[in-house]
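A short worksheet on the structure shown next.
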Amino acid sequence: MITREEIANVLDQPVYDGDGNKIGDAKHVFFDDMTGRPEWVSVKTGMFGGAESFVPIRDAAMVQDHLEVPYGKDQVKGAPSVDVDAGGHLSETEEHRLYDYYGINWDSVLSEAERTDDGRSAAGTGTAGTAGAAGAAGAAGLAGTAGAAGTAGGRTGREDAMRREGMRGDEAMTRSEEQMRIGVERHESGRARLRKYVVTEEVQQTVPVTHEEVRVVREPITDANRDEALAGPEISEAEHEVTLHAERAVVETETVPVERVRMTTEELTENETVRGQVRKERIEAETESFTEGETKHPRDDKRRGGK
């Protein structure tokens, strides 16, 4: 169980579920108005936005440098949304809805608050209001500002609205506002690969080829060739054969390297406009006028923090 002394170590620390999955960062801790113990922690789950989910802190524990809760990441992110902007508190309806979502028995919470309240009364720390049991689980106050339930003067159970952090004994308020912090995250935007495949192309090239043809040469009989012409029989049949030759184109292929291809990446910087919403607190004063002779007890003074 997280104690009041450990709150400073909880805020802005990572929050993990029991399986080691990071859920987000702890932003606020809400106290039980009657028991004065930490009851809820709001976890910022959005990276740029203000999405916060409420988680019971009663069974949470600080483990080294992070807060560990016994609920799954998806369960926490799916918790009912709660609007605490206007008053910095959880209403009875909202807290009841959260208890039901996390499977926490409402009657056990009520009984625990009653026992704690009775113990405080017996120890002299304040008298519980007569209707304390009825409102025991009514609202949880933001860390550092939880009102004491059942104080003298008739506060019954938990108040229906809680003062926001910064309402101190010197009657001053601290005005806060959100600032947008822009970051960048690196993610995969695509993939590129080199793929080698084979295609067949038709190639045409002209080469010279030669061939032999027969040409008949007739020579007249002269004194120079007369002897050779009369060497054979006078009249006979004969034949003479000549072998002809021709060239033809022969195609062969040879694999040779022609180039090297590789891929590199280069980073290009371009401007991107990011828009978001931030919340700012506004403080205004409210005064009341009294008729002559009318008095007002200091405990009934009204102060209101407006947006």
Side-chain angles (χ1 to χ4, degrees), residues 7-17 19-30 38-57 60 65-69 71-91 93-95 97-98 101-102 139-145 161-167 172-192 264-286 303-307:
I7 297 302
N9 299 328
V10 171
L11 297 179
D12 295 324
Q13 295 301 316
V15 180
Y16 286 79
D17 63 12
D19 296 328
N21 301 311
K22 182 178 179 181
I23 303 174
D25 297 320
K27 303 308 294 182
H28 302 94
V29 173
F30 287 73
E39 190 72 18
W40 300 93
V41 58
S42 66
V43 182
K44 182 178 179 182
T45 57
M47 183 170 186
F48 297 111
E52 292 187 27
S53 298
F54 280 73
V55 190
I57 202 173
D65 59 348
H66 67 270
L67 181 68
E68 187 172 296
V69 296
Y71 303 99
K73 179 178 180 179
D74 292 338
Q75 183 180 9
V76 174
K77 285 192 172 184
S81 59
V82 177
D83 182 14
V84 296
D85 295 345
H89 74 283
L90 294 178
S91 67
T93 301
E94 291 169 333
E95 193 170 17
R97 188 155 51 103
L98 285 170
Y101 177 78
Y102 285 103
L142 194 61
T145 63
M162 303 308 303
R163 291 167 293 175
R164 185 176 287 275
E165 182 177 3
M167 290 283 286
M173 290 183 179
T174 299
R175 189 181 71 84
S176 303
E177 65 182 37
E178 294 179 339
Q179 295 181 346
M180 189 166 65
R181 297 180 180 177
I182 306 299
V184 296
E185 63 175 359
R186 194 176 185 90
H187 65 93
E188 291 186 1
S189 60
R191 294 180 182 273
T264 62
T265 61
E266 60 179 359
E267 290 190 354
L268 303 178
T269 301
E270 54 187 25
N271 295 325
E272 180 178 347
T273 301
V274 179
R275 293 181 175 85
Q277 294 182 343
V278 296
R279 297 175 298 173
K280 297 182 179 181
E281 295 178 333
R282 296 289 185 263
I283 298 176
E284 62 182 18
E286 181 182 272
R303 301 180 182 87
R304 186 182 69 183
K307 290 185 68 177

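Side-chain atoms of Glu95 and Glu39, non-hydrogen and from C-beta on, do get closer than 4.5 Å to each other. The side-chain heavy atoms of Phe30 and Pro38, taken from C-beta on, include no pair separated by under 4.5 Å. The closest side-chain heavy-atom distance from Trp40 to Ile57 is not below 4.5 Å.
Remark: Lys22 engages Asp25 in a salt bridge (Lys or Arg N to Asp or Glu O under 4.0 Å) (not counting sequence neighbours). For Glu272, there are no salt bridge (Lys or Arg N to Asp or Glu O under 4.0 Å) partners, not counting sequence neighbours. With sequence neighbours excluded, the residues that form a salt bridge (Lys or Arg N to Asp or Glu O under 4.0 Å) with Glu267 are Arg186. When the side chain to side chain donor-acceptor pair (under 3.5 Å) test is applied to Arg275, no partner is found at least two apart in sequence or on another chain. Residues meeting the side-chain contact (heavy atoms from CB on, under 4.5 Å) test with Arg97, sequence neighbours left out: Pro80, Glu94.
Ser42 contributes a side-chain N or O that, together with a main-chain N or O of His28, makes up a donor-acceptor pair within less than 3.5 Å. A donor-acceptor contact shorter than 3.5 Å links the side chain of Ser53 to the backbone of Val76. Between the side chain of Tyr102 and the main chain of Gln75, no donor-acceptor pair closer than 3.5 Å is present.
The distance from the CD atom of Glu281 to the CD atom of Glu177 is 9.0 Å, given to the nearest 0.5 Å. To the nearest 0.5 angstrom, Lys280 atom NZ is 12.5 Å from Ser176 atom OG.
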Sequence neighbours left out, cut at 3.5 Å: what donor-acceptor pairs do the side chains of residues 7-17 make with other protein atoms?
| unit_1 | atom_1 | unit_2 | atom_2 | d |
| --- | --- | --- | --- | --- |
| Asp12 | OD1 | Lys27 | NZ | 3.0 |
| Asp17 | OD1 | Asp19 | N | 3.0 |
| Asp17 | OD1 | Gly20 | N | 3.1 |
| Asp17 | OD1 | Asn21 | N | 2.8 |
| Asp17 | OD2 | Asn21 | ND2 | 3.3 |
| Asp17 | OD2 | Lys73 | N | 3.1 |

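Nearest heavy-atom pair across Ile23 and Tyr71 is CD1-O, 4.2 Å.
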